[in-house]
Number of protein chains: 2
Amino acid sequence: MSIKVIRIGAVCELTGLTERQIRYYEEKQLIFPDRTRGGARTFSFEDVDILKEIHTKIQDGFHTFELRKTFSRQPMRS
Amino acid sequence: MSIKVIRIGAVCELTGLTERQIRYYEEKQLIFPDRTRGGARTFSFEDVDILKEIHTKIQDGFHTFELRKTFSRQPMRS
DNA sequence: CGTGTAAGGAATTCTGACACG
DNA sequence: CGTGTAAGGAATTCTGACACG
């Protein structure tokens with residue numbers, strides 16, 4: 001499911017991550033949520049799975065810039 | 001997908017229905033969303049499909065109490 | 001670097017009610 | 001009956017910043 005309709009609160013419950021962690025991973029270009037017109041992030045179930053993988057990798061010692069190559073199969077800037 | 005994580009705003013976009021219609025169908029026991037701790041309704045993709053069907057039936061002239069038998073395969077009160 | 005937190009604001013959703021018919 | 005709307009409140013999410021290290 002790649003339809004982005006899940007708000008960050010639900011993503012926290014599904015992943016066990018905090019809002020802070022999720023926003024940080026987005027800031028580091030590892031995850032690419034959509035936005036509601038009001039500016040709220042919306043994620044897909046696919047994003048939820050990716051977030052879990054990202055966190056696992058981080059815990060394994062990887063850094064965000066190293067994971068960018070792995071997870072950035074999404075929107076490219078430029 | 002029966003995981004209930006979609007907020008009513010997104011459901012409106014996915015179904016084309018208004019919040020009022022969705023809440024009314026819930027009031028009439030045709031749909032059974034979960035709730036966040038704060039009280040906000042959460043729906044599943046399955047619920048989204050059911051809502052579309054409900055609305056089609058309503059437009060076909062059916063009444064909510066008639067549809068209850070069709071869609072109430074969910075929680076029963078008492 | 002990755003994450004926690006307090007701060008203030010804006011968007012989202014909620015309920016109960018009045019309305020039409 | 002099914003749906004629209006204005007009303008006021010509560011919960012949710014947002015950003016930028018300071019903190020630790």
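Just so we're clear, the structure is a prediction, and the values are computed from it rather than from any experiment. In what follows, chains are A, B, ... by sequence order, proteins preceding strands, each numbered from 1. These numbers come from the heavy atoms of this one structure, side chains and all, not from hydrogens, waters or symmetry mates.
Rounded to the nearest 0.5 angstrom, I54(B) CD1 and T64(B) OG1 are separated by 10.0 Å. Summarising the geometry, atom CG belonging to L17(A) is positioned 9.5 Å from atom CD1 belonging to I8(A); distances are rounded to the nearest 0.5 Å. Atom CG of D47(A) is separated from atom CD1 of I22(A) by 10.0 Å, given to the nearest 0.5 angstrom. F43(A) contributes atom CZ, which lies 9.0 Å from atom OG1 of T15(A) (distance to the nearest 0.5 angstrom).
Rounded to whole angstrom, the span from the CD1 atom of I22(A) across to the C1' atom of dT15(D) amounts to 16 Å. A straight line from CD of E19(A) to C1' of dT12(D) spans 8 Å, rounded to a whole angstrom. The separation between L30(B) atom CG and dG2(D) atom C1' is 12 Å, rounded to whole Å. Remark: C1' of dT12(D) and CD of E13(A) are 12 Å apart, rounded to the nearest angstrom. Summarising the geometry, the separation between CZ on R37(A) and P on dC14(D) is reported as 16 Å, rounded to the nearest angstrom. For the pair I8(A) CD1 and dT15(D) P, the interatomic distance rounds to 9 Å; values are reported in whole Å. One can place CD of Q21(A) at 15 Å from P of dC14(D), the figure rounded to the nearest angstrom. Look at CD on E66(B): it is 13 Å from C1' on dG2(D), rounded to the nearest Å.
Across all strands shown, Y25(B) has heavy atoms under 4.0 Å from sugar-phosphate atoms exclusively, and none from any base. Across all strands shown, R23(A) has heavy atoms under 4.0 Å from base atoms, whether or not it also approaches the sugar-phosphate.
Counting only heavy atoms from C-beta on, T18(A) has its side chain closest to dG4(C) among dT13(C), dT3(D), dG4(C). Residue H63(A) places its side chain closer to dG2(C) than to any other of dG2(D), dG2(C), dG4(C).
The side chain of Y24(B) contributes no N or O atom lying less than 4.0 Å from OP1 or OP2 of dT3(D). For dT15(D), one of the phosphate oxygens OP1 or OP2 lies less than 4.0 angstrom from a side-chain nitrogen or oxygen of R41(A).
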Please convert DNA chain D into dot-bracket. A pair counts if it is Watson-Crick or G-U wobble with both distances under 3.5 Å; crossing pairs go in [ ] and bases paired with another strand get |. .||||.||.|.|.||.||||.
Verdict with reasoning, E53(B) to T56(B), per side chain to side chain contact (heavy atoms under 4.5 Å, CB included): CA-CA 5 Å; E53(B) 290 182 59; T56(B) 298; 5.6 Å; no
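Between the side chain of K28(A) and the backbone N or O of H63(A) there is no donor-acceptor pair closer than 3.5 Å. In this structure, K57(B) contributes its side chain and E66(B) its backbone to no donor-acceptor pair below 3.5 Å.
Of the residues near DNA chain D, A10(A) and K28(B), the one whose nearest nucleotide (by heavy atom distance) lies more toward the 5' end is K28(B). Two residues, T36(A) and I58(A), neighbour DNA chain C, and the one matched to the more 5' nucleotide by heavy-atom proximity is I58(A).
Counting only heavy atoms from C-beta outward, the side chains of L30(A) and R68(A) approach each other to under 4.5 Å.
None of E27(B), E26(B), E19(B), Q21(B) except one satisfies the side-chain hydrogen bond (donor to acceptor under 3.5 Å, both in side chains) rule with R23(B); the exception is E19(B).
More than 12 heavy atoms of other residues, nucleotides or ligands shown are found within 6.0 angstrom of CZ on R35(A).
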Shorter than 3.5 Å, N or O on both sides, protein versus nucleotides 5-10 of chain C: list them out with atom names.
from, atom 1, to, atom 2, distance (Å)
dT5(C), O4, R20(A), NE, 3.3

